Amino acid sequence: MTPKRRTLALIVVLTLVVGAGALLAPVLRDAWMVHRLQARNLEARGGRTAWEGVEALRYTGTMEIGQGLEVPFVLVQQRPGRMCLEYPFDGATVEQCSDGEHGWKRVPFTGRTGYQPMTEAEVREATDAADPRGLLFARGSGGRRIEYLGERVIEGHDVHGLKVTLPGGAIREVYLDAETALEVQVVSSRMLAGRERRVDITYGDWTETHGLLIPRRQDTRTEGDDQAHALVVETLQVNPAIEATRFLPPASALATVAEG
């Protein structure tokens with residue numbers, strides 16, 4: 001190869017390297033931001049050691065369910081993928097439980113007083129919300145993928161956005177306060193009345209409990225609803241004793257669920 005050809009080949013190689021570097025730089029920067037924000041969020045919420053020891057959480061408090069009605073609730077989350085929510089309404093108890101693969105519910109105010117199986121969509125939604133450690137605890141765990149969305153302002157806070165793709169394909173946008181690295185808002189979508197609607201959950205009143213920092217208040221606003229509905233946490237138990245059958249319907253109702 002002549003000196004001229006060698007020089008030309010070197011220029012081509014350098015051009016390709018520089019071009020590839022320019023393309024990779026944003027990808028590497030975003031990957032670094034994801035790692036940094038996850039680490040900051042985990043540290044702000046109590047640290048990895050504290051959260052690694054969490055197998056289950058039991059919350060009690062009050063929540064608004066619409067039309068000015070406020071009810072007490074009990075929410076249990078347990079790894080992996082188990083959750084139960086119950087609250088009284090109109091003289092009966094509403095229950096929704098899932099073990100991560102199957103789910104059941106009892107919703108008396110719909111006129112059906114027995115137990116029914118959850119739909120596939122309801123089971124996926126329950127499973128997606130079941131991890132007591134939160135959406136950002138572990139990158140790549142169980143097929144979870146996290147991407148950087150950039151900076152913006154929400155509720156007066158400068159925030160960093162993260163797009164979390166869950167194993168079932170559902171997407172959550174998580175916005176962290178630029179200063180504290182705590183969640184300001186989580187955006188998702190939900191099928192209601194045959195239409196996909198945006199759901200915004202805003203977090204506040206972060207309080208340390210048992211070495212964990214948790215939001216004591218969540219305000220949920222669903223597209224098409226003029227009002228936000230508050231959920232207020234009053235007590236939190238870490239790793240409470242939970243019977244293995246807690247996430248299954250009562251024995252008398254197993255046949256009903258199986259037939260459903």
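None of these values were measured; they are calculated from a predicted model.
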Between the side chains of Glu196 and Ser189, is a donor N or O closer than 3.5 angstrom to an acceptor N or O?
-> yes
For Asp128, check salt bridge (charged side-chain N to carboxylate O under 4.0 Å, His left out) against everything at least two apart and list the hits.
-> Arg172
Locate the shortest heavy-atom distance separating Pro240 from Arg58; write the atom from each residue and the value.
-> CG-CB, 3.8 Å
Report, as yes or no, whether the 6.0 Å neighbourhood of atom CD on Glu120 holds more than 12 heavy atoms from other residues, nucleotides or ligands.
-> no
Under the side chain to side chain contact (heavy atoms under 4.5 Å, CB included) criterion, do Asp131 and Gln77 qualify, and how do the steps go?
-> CA-CA 6 Å; Asp131 192 337; Gln77 299 170 309; over 6 Å; no
Thr93 versus Arg106, closest heavy-atom pair with distance = O-NE, 3.6 Å
When clusters are formed by joining ILVMFWY residues with side-chain heavy atoms under 4.5 Å apart, either directly or through shared neighbours, do Phe73 and Val232 land in the same one?
-> no
Nearest heavy-atom pair of Pro132 and Trp51: which atoms, and what distance?
-> O-CZ3, 3.2 Å
Should the heavy atoms of other residues, nucleotides or ligands under 6.0 Å from NE2 of His102 be counted, would the total exceed 12?
-> no
Value for CG (Asn239) from CD (Gln78), rounded to nearest 0.5 Å, stands at 9.0 Å
Does the Thr245 side chain pair with the main chain of Leu248, one donor and one acceptor, at a distance under 3.5 Å?
-> no
Is there side-chain contact between Leu212 and Arg45, with heavy atoms separated by less than 4.5 Å?
-> no
What about Met83 and Ile65, same hydrophobic cluster or not, with Ile/Leu/Val/Met/Phe/Trp/Tyr joined at side-chain heavy-atom distances under 4.5 Å?
-> yes
Connected via hydrophobic side-chain network under 4.5 Å: Leu69 and Val74 = no
Distance in Å, Leu37 CG paired with Trp32 CH2, rounded so as to fall on 0.5 Å steps = 8.5 Å
same_hphob_cluster(Val153, Val174) at 4.5 Å side-chain heavy-atom cutoff | no
Any side-chain heavy-atom pair of Arg82 and Arg246 under 4.5 Å = no
Answer yes or no: is there a side-chain heavy-atom contact under 4.5 Å between Leu135 and Leu166?
-> yes
How long is the span from the CD1 atom in Ile201 to the CD atom in Gln218, to the nearest 0.5 Å?
-> 6.0 Å
Kindly state each residue pair satisfying disulfide (SG to SG under 2.5 Å) with at least one member in residues 161-231, sequence neighbours excluded.
-> none
Heavy atoms, side chains only, cut-off 4.5 Å: are Asp158 and Glu179 in contact?
-> no
Nearest heavy-atom neighbours spanning His229 and Glu64 | CA-OE1, 3.4 Å
Disulfide (SG to SG under 2.5 Å) contacts touching residues 70-106 (sequence neighbours left out) | Cys84-Cys97
Cluster overlap Leu231 with Val76, hydrophobic side-chain contacts below 4.5 Å | no
For Met118, the rest of its hydrophobic cluster, which grows through side-chain links under 4.5 angstrom | Val123
Donor-acceptor side-chain pairing of Tyr148 and Arg29 below 3.5 angstrom | no
Quick one: CD on Glu155 to OH on Tyr175, what's the gap to the nearest 0.5 Å?
-> 12.5 Å
Are more than 12 heavy atoms from other residues, nucleotides or ligands located less than 6.0 Å from atom CD of Gln227?
-> no
So the disulfide (SG to SG under 2.5 Å) pairs with at least one residue in residues 28-63 (sequence neighbours excluded) are none
If you draw the axis of the six-membered ring of Tyr59, does the NZ or CZ of Arg216 fall within 45° of it and under 6.0 Å from the ring centre?
-> no
Does the side chain of Ile146 come within less than 4.5 Å of Leu136's, by heavy atoms?
-> yes
Between the side chain of Glu223 and the main-chain N/O of Arg197, is any donor-acceptor distance below 3.5 Å?
-> no
Paired with Val199, the side-chain contact (heavy atoms from CB on, under 4.5 Å) test is passed by just one of Asp225, Val186, Thr222, Val187, namely Thr222
List for me each residue that meets salt bridge (charged side-chain N to carboxylate O under 4.0 Å, His left out) alongside Asp99, sequence neighbours excluded, and say none if there are none.
-> none
Drop me the distance from Leu182's CG to Trp206's CH2, to the nearest 0.5 angstrom.
-> 5.0 Å
Under 4.0 Å between a Lys/Arg side-chain N and an Asp/Glu carboxylate O for Arg221 and Asp219?
-> no
Is the backbone N or O of Ala181 less than 3.5 Å from a side-chain atom of Asn41, with the two atoms forming a donor-acceptor pair by type?
-> yes
Kindly compute the distance separating OH (Tyr203) from CD1 (Ile214), expressed to the nearest 0.5 Å.
-> 12.0 Å
Quick one: are His157 and Gln185 in side-chain contact, heavy atoms under 4.5 Å?
-> no
Flag side-chain contact, heavy atom, 4.5 Å: Leu236 against Leu57 = yes
Considering all heavy atoms, the nearest Val233-Thr235 contact | CG1-O, 3.6 Å
Would you name the heavy atoms of Gly134 and Arg144 that are closest together and state the gap between them?
-> O-NH1, 3.4 Å
Is the closest side-chain heavy-atom distance between Trp104 and Glu95 below 4.5 Å?
-> yes
